[in-house]
Amino acid sequence: MKASIIATFFALFLTCTYATKEATKKNKKAKLYVPELDCDIKAGKIINPEFIAKCPPGCQDIKYRVYGTDIYASFSSVCSAAIHSGTIDNSGGKILVQKVAGQSGYRGSFSNGIRSLSLPRWRESFIVSEGKPKKGVTYPSTLEYSSSKSSPVKAESKKSAQDIKVTRNTDISNASEKSPEQADALRKEYQTSPGPVPATQVTTTMLKPTTTPEPISTTPKPTTFPATTSTTTTITAAKPRSAVHRVRDIGPSSVHPVYSAVAAAASTLETDLWKPGSSLFDTGFSSKEELNPKPLEPVSQGNPNCKVDLSFLIDGSWSIGKRRFQIQKQFLSDVAQALDVGVAGPLMGIVQYGDDPSTEFNLKTHANSRDVKNAIEKIPQKGGRSNVGKALSFVNKNFFLDTNGNRGGAPNVAIVLVDGWPTDKVEEASRLARESGINIFFVTIEGADENEKQNVIEPNFVDKAVCRTNGFYSINVPSWFNLRKVVQTLVKRVCDTDRLACSKTCLNSADIGIVIDGSSSVGTGNFRTILQFVANISKEFEISDTDTRIGAVQYTYEQRLEFGFDKHSTKQDVLNAIKRINYWSGGTSTGAAINYASEQLFSKSKPNKRKIMILITDGRSYDDVRVPAMTAHQNGVIAYSVGIAWAAQDELESIATDPDKEHSFFVDEFDHLYRFVPRIIQNICTEFNSQPRN
């Protein structure tokens, strides 16, 4: 008997041991192999739409560029973006990367020791989160790169119903990034997916795991209760809005106030439309109302190809009359509808002007075209004169503030509607607004006739107000009754962000003074190399009278103004002027040259421009450079020093703005100057992005 018990116990022990080993083997097989990334790998080089990877230590370096905040452009360094987002630190670690749609604007910021840069638009984006696998999702153990010729990694041959459901839910949550037709198709598919359903839904579908999820088509049985169908559709239409919460949970960021309103509306719809234990037929409507139910329409997230912040300045003066004021409001409603207002696209606010301007509503007040149109209908006419200049000053100082919903990465646009002519001057106010990065459009209706032209304070006021006088920024309408005909024309121009020349970026917001050493030690051949270096820097900027302007000084013992900021207004003119600079030859008085540049160049810089000096020298100065440099710094000049060959390191650091390492450079040979062009441009942009907008 005892032997029998011992034998039984021993058999059980062996069985348990074998089961444990088998479970351990399965666990080992299920363990995810995490591929490793280098610090310089960009997301755009990786084909996989979603993957887990491991970053090495040491990716917190300025040479690994990052563009955006929370959502990053795909040519950003993946690991540097992960550090910027706070997912990992400089010691590295595992991260989860998800590709998302391209954005029409990326906001730069300083976070976790990394400065990310701003970018107007890019074709693809990605987000980074903790490297924890999602339940039911299989991640690749080998990443596919766009330059690789190897065949794509095959996924597992089978997926469970859970996998299919995860895929479908992801598609549904991304419906806001698709066209209305695609989003609607996804919502219909979601209605047929398995999961908890109300008792009134009698049609069910069983899913079988397949290699690739196939579209599931299920037709619900007809019912005699139209209210039920309406309510069910409303519930599923509200589901995709949960994507707003998912994006916001990525990490700390300054979320546009409108997003919180959309999220709140979504959660209200989801919780209030149907509750467990209640009947879907219990709608609270009378029997007559149930016969004609009105399902809630999904709110558009806006046109992502037109992400601009718009201010409309409408004419509320008495001269316009009540009837034309109503036509003007109808025009604004039509424009709002055509723009497709939304948090992922254009946002719109209105300022009415008369004697004094006032904001009717700002950028963060309304998040869709329907609400904007309702608000426009309620605007009363204020009366007074047509003080357009006063209104532009008001918009420049008050409208495009972060507290009013300005998004930073979206171009600022002011559209001015004028009946007749302004009763005050617009030129100075427009210039300041343009130099603050505001793109000004004028829509003039029924201009002054011959008898009235004598009353016009500022002839050609439109040309004095807009960014360019090529007709792109101005539309003239002969009659108020023709105003609706220009809706599409205006919308097309406003949404053409590539042509919005006044948008303020690091490449179009500065007055750059180049100070060139023309001493005897340089020599003619090396002097031409310096001029090529100056030309290469100039090519990177957007040059015009309202964008970046370039000026140049050459010095020896003496100084010579080669050309000032106001001399050339196109990039080609600047490049031609650089080529024409003749080598002077002489001594090296760098301190005097800095004083001369301060007096002849930067004293004439525009108030809203960033003043940048790039000084290039090949030797030690015969005079003191510290006091002139300190004076220039105190006057707001950002100084970069570039030393070659025999230049003195201590003088380069004295000339450069703090921190010295980001503003002073040294190279042993003239032929190696070209290496500094991208670093100088990047530092200028990094510094710009870390500063307040105005």
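Counting all heavy atoms, side chain and backbone alike, Leu392 lies closest to Ser430 at CD1-OG, 3.2 Å.
Two rings, from His84 and Tyr72, have their centers less than 6.0 Å apart.
Residue pairs satisfying the ring pair (Phe, Tyr, Trp, His ring centres under 6.0 Å) criterion with at least one member in residues 616-646, sequence neighbours excluded, are listed as follows: Tyr557-Tyr622, Tyr640-His663. Judged as a salt bridge (Lys or Arg N to Asp or Glu O under 4.0 Å), the pairs with a partner in residues 626-651 (not counting sequence neighbours) are, in order, Arg620-Asp650, Arg620-Glu651, Asp624-Arg626. Residue pairs satisfying the ring pair (Phe, Tyr, Trp, His ring centres under 6.0 Å) criterion with at least one member in residues 507-551, sequence neighbours excluded, are listed as follows: Phe527-Tyr583. Under the salt bridge (Lys or Arg N to Asp or Glu O under 4.0 Å) criterion, the residue pairs touching residues 548-558 are Asp511-Arg549, with sequence neighbours excluded. Screening residues 564-577 for salt bridge (Lys or Arg N to Asp or Glu O under 4.0 Å), with sequence neighbours left out, gives no hits. Listed by first and then second residue, the salt bridge (Lys or Arg N to Asp or Glu O under 4.0 Å) pairs that reach into residues 514-531 come to none, sequence neighbours excluded.
Looking at Phe666 and Leu652, their side chains come closer than 4.5 Å, going by heavy atoms from C-beta outward. No side-chain heavy atom of Val553 sits less than 4.5 Å from a side-chain heavy atom of Arg560. Contact of the Ile550 side chain with the His568 side chain is not registered, since no non-hydrogen atoms from C-beta on lie closer than 4.5 Å. When side chains are defined from C-beta on, Phe461 does not count as touching Glu427, because their heavy atoms never get closer than 4.5 Å. Side chains of Thr489 and Lys492 form no contact here, defined as non-hydrogen atoms less than 4.5 Å apart. Side-chain atoms of Lys539 and Leu575, non-hydrogen and from C-beta on, do get closer than 4.5 Å to each other. With contacts defined as side-chain heavy-atom distances shorter than 4.5 Å, the pair Arg493/Cys495 does not qualify.
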Exercise for the section: Output, in order, the C-alpha distance, side-chain angles, deciding distance and verdict of ring pair (Phe, Tyr, Trp, His ring centres under 6.0 Å) for Trp122 and Tyr67. Expected result: CA-CA 10 Å; Trp122 195 247; Tyr67 297 83; 8.4 Å; no
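Partner of Gln682 under the side chain to side chain donor-acceptor pair (under 3.5 Å) criterion, out of Glu662, Arg65, Lys63: Arg65 alone.
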Please tabulate, for the side chains in residues 589-601, all donor-acceptor contacts under 3.5 angstrom to protein atoms that are two or more places apart in sequence or on a different chain.
unit_1 : atom_1 : unit_2 : atom_2 : d
Thr590 : OG1    : Tyr555 : OH     : 3.0
Tyr596 : OH     : Leu561 : N      : 3.3
Ser598 : OG     : Ile594 : O      : 3.0

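Note that the CZ atom of Phe331 and the CD1 atom of Ile314 stand 11.5 Å from one another [nearest 0.5 Å].
For Thr556, there are no side chain to side chain donor-acceptor pair (under 3.5 Å) partners two or more places apart in sequence or in a different chain. For Thr529, there are no side chain to side chain donor-acceptor pair (under 3.5 Å) partners two or more places apart in sequence or in a different chain. Qualifying side chain to side chain donor-acceptor pair (under 3.5 Å) partners for Asp40, counting only residues two or more places apart in sequence or in other chains: none. Under the side chain to side chain donor-acceptor pair (under 3.5 Å) criterion, Arg431 pairs with Glu428, Glu435, not counting sequence neighbours. Annotation: ring-ring contact (aromatic ring centres under 6.0 Å, His included) contacts of Phe602 (sequence neighbours excluded): Phe565.
Listed for the Thr657 side chain is a donor-acceptor partner under 3.5 Å among the backbone atoms of Ala639. Side-chain atoms of Ser474 do not come within 3.5 Å of backbone N or O of Phe442 as any donor-acceptor pair.
In this structure, a donor-acceptor pair under 3.5 Å is absent between the side chains of Tyr353 and Ser317.
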